Amino acid sequence: MHSPLKNIKLSKSKELFNNAQKYLVKGVNSPVRYFKPYPFFVERAKDCYLFDVDGNKYIDYCLAYGPMVLGHGNPNIIKAVEEQLELGISYGCPTENEVILAKEIVKRMPCAEMVRFVSSGTESTMGAIRLARGITGKNKIIKFDGAYHGSHDYVLVKSGSGALTHGVPNSPGIPEETTKNTILVPFNNEDAVKRAILENKDEISCIILEPVMGNIGCIPPKEGYLEFLREITIENDIILIFDEVITGFRLSPGGAQEYYGVTPDLATIGKILGGGFPIGAIVGRKDIMENLSPNGPIYQAGTFNGNPISIAAGIATLKNLNDEFYNKTFKSSKKISEFIKECADKNNIPNQVHNIGSMFQIYFNSDEVKDYESAKRSDTERFMKYFYGLLDRGVFIAPSQFECCFTSIKHDNDVVDLTLNAIEEVFKGL
Ligand SMILES: *Cc1c(COP(=O)(O)O)cnc(C)c1O
C-alpha cells in the first residue's frame, strides 16, 4: 500500500519502520499502534501535540490511548517524578506515597474502601476476577461482547480494541478450558443477562463491564442499564466489577460509578491513574479486598506493584483533576463531536456520533450503535479514510473505528478551531 498521505512526508518514519520490522513484530509493541503502510515514529510530545521524527506535528486525540489527560509533559508530573528519581526508583518495600494515593482514590471513588496497586490495567482485571472467583467459589464470569479488559486469557474472548481492529477477537493460544467459563452477552441487553444468569444458576462469580464501552468506539449504557446490573447481581450473589481503566477519573472524579450513581463491588482502574506511567489498581469493598494475600488466601503480587515513580506521577495527576479540568475537557469534546455530526450530515454521510464527558467517536453507520454487533456494521473503510484525512492535516486520532477519542486540558479553543477546520475539509472528501 502506498501512503495515502499527500501533505505530510514520513520518510524517516518509513526508514525506521523498515528497520524496526526486523526486530519488532510489525515494528510495534502493541497491535493498535500499527496502521498501513507504516505508523509515524514519535520523537517527542508536548501539551496536546506529538512531534514525529520527520518534523511533523500532530494535535493528539489519542493521548496514549487515554492516560495523558493533562497533556504531554505536564510540569507537575515531571517535577514529582524527578524528585522521586532522586529518592529511589524501586524499593520492594512499602512507602508513604502509596498510602497517600490510595487515600485519594478512596476519597473519590464510591466503591473504593481499599486499594491494591498493580502495574497495568490488564493485571487489575485479572486480579479482580480472581478475587471474585476466589471468594464466591464460583468459576464462571459474564463479560460483554466487544468489551476489552486487557490481554489476559479470561477476557480475550470477543474482545474489543486492537483484537477487533486486527480481526482476532478470539486469540489462538487461549485454551478452551479457560474461556468456557467466560459467558458472553450483548451490551445494553437486559434479557441476555437474565438468561445467562438463569442458565448458569449459582455458577457465576462476577459480571465485569466497561460502564461506558471505550474499546469499540464509545458506547454509553442505555438509561437504567447499570442500575439493572446492580440489582440483578445483588439478587444472585454475583460480584459486580466496573472496569474503569478508561472512565476512572475521566467522567468525574469518582469515574463512571459516580457519574451514573451506581456503585459496583469492585472496580479496576489504570491509565489516567499513572499520569502516563505504568499502573493499575483493584479497588473495592473492604470485606472483599481483605481476601487478598497476605491478609487472605487469594494471591496477587508484583515486583512493580506500587512502583514509586508511577505512584508519584499518579499523586501529581490527581491533584490537577479539578473542576476546570472537567469543564474544559467536556466542553472541547462536545464542541468537536457536534461539529463532526454537522459536517457528516451536511455531506450526507451516514453517522452516529457518540460523546460522553471527554470521550467521543463517530461511527460511519446509519443505524443506532448500542453494542458489538451494531458497532461492527460500521463502515470501517470510510473510517480509515477519515483517519488518514485527519492525519494528513495534522490531527491524530487512534487508527481504528473501534477506539475512542479523548481531549486533554491542553486542547484549548485555538487548538479545537484548528481541529474543526481539518474535520470540515476531510468530510468534503469522504
Ligand atoms: C486499556 C484497558 C485495559 C488494559 O490496560 P493495560 O494497562 O493496557 O493493561 C483494561 N480495561 C480497559 C477498559 C482498558 O481500556
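Quick caveat: nothing in here was measured; it's all calculated off a predicted structure. Both counts, for ligands and for their atoms, begin at 1 and track the order of listing.
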Colleague: Between E176 and K180, does any NZ, NE, NH1 or NH2 come within less than 4.0 Å of an OD or OE carboxylate oxygen?
Modeller: no
Colleague: Got the residues with a heavy atom under 4.0 Å of ligand 1, by chain and number?
Modeller: S120, G121, T122, Y148, H149, G150, E210, N215, D243, V245, I246, K271
Colleague: Are the charged groups of R108 and E104 less than 4.0 angstrom apart, N to O?
Modeller: yes
Colleague: May I have the list of side-chain donor-acceptor pairs in residues 17-24 shorter than 3.5 Å, sequence neighbours left out?
Modeller:
from, atom 1, to, atom 2, distance (Å)
N18, ND2, K14, O, 3.4
N19, OD1, K22, NZ, 3.3

Colleague: May I have all residue pairs that pass salt bridge (Lys or Arg N to Asp or Glu O under 4.0 Å) and include part of residues 284-304, sequence neighbours excluded?
Modeller: D265-R285, R285-D287, K286-E290
Colleague: Using side chain to side chain contact (heavy atoms under 4.5 Å, CB included) as the criterion, list what pairs up with F364, not counting sequence neighbours.
Modeller: I349, I362, D379, R382, F383, Y386, Q401, F427, L430
Colleague: Report yes or no: is the cationic atom of R250 (NZ for Lys, CZ for Arg) closer than 6.0 Å to the six-membered ring centre of F406, at no more than 45° off its axis?
Modeller: yes
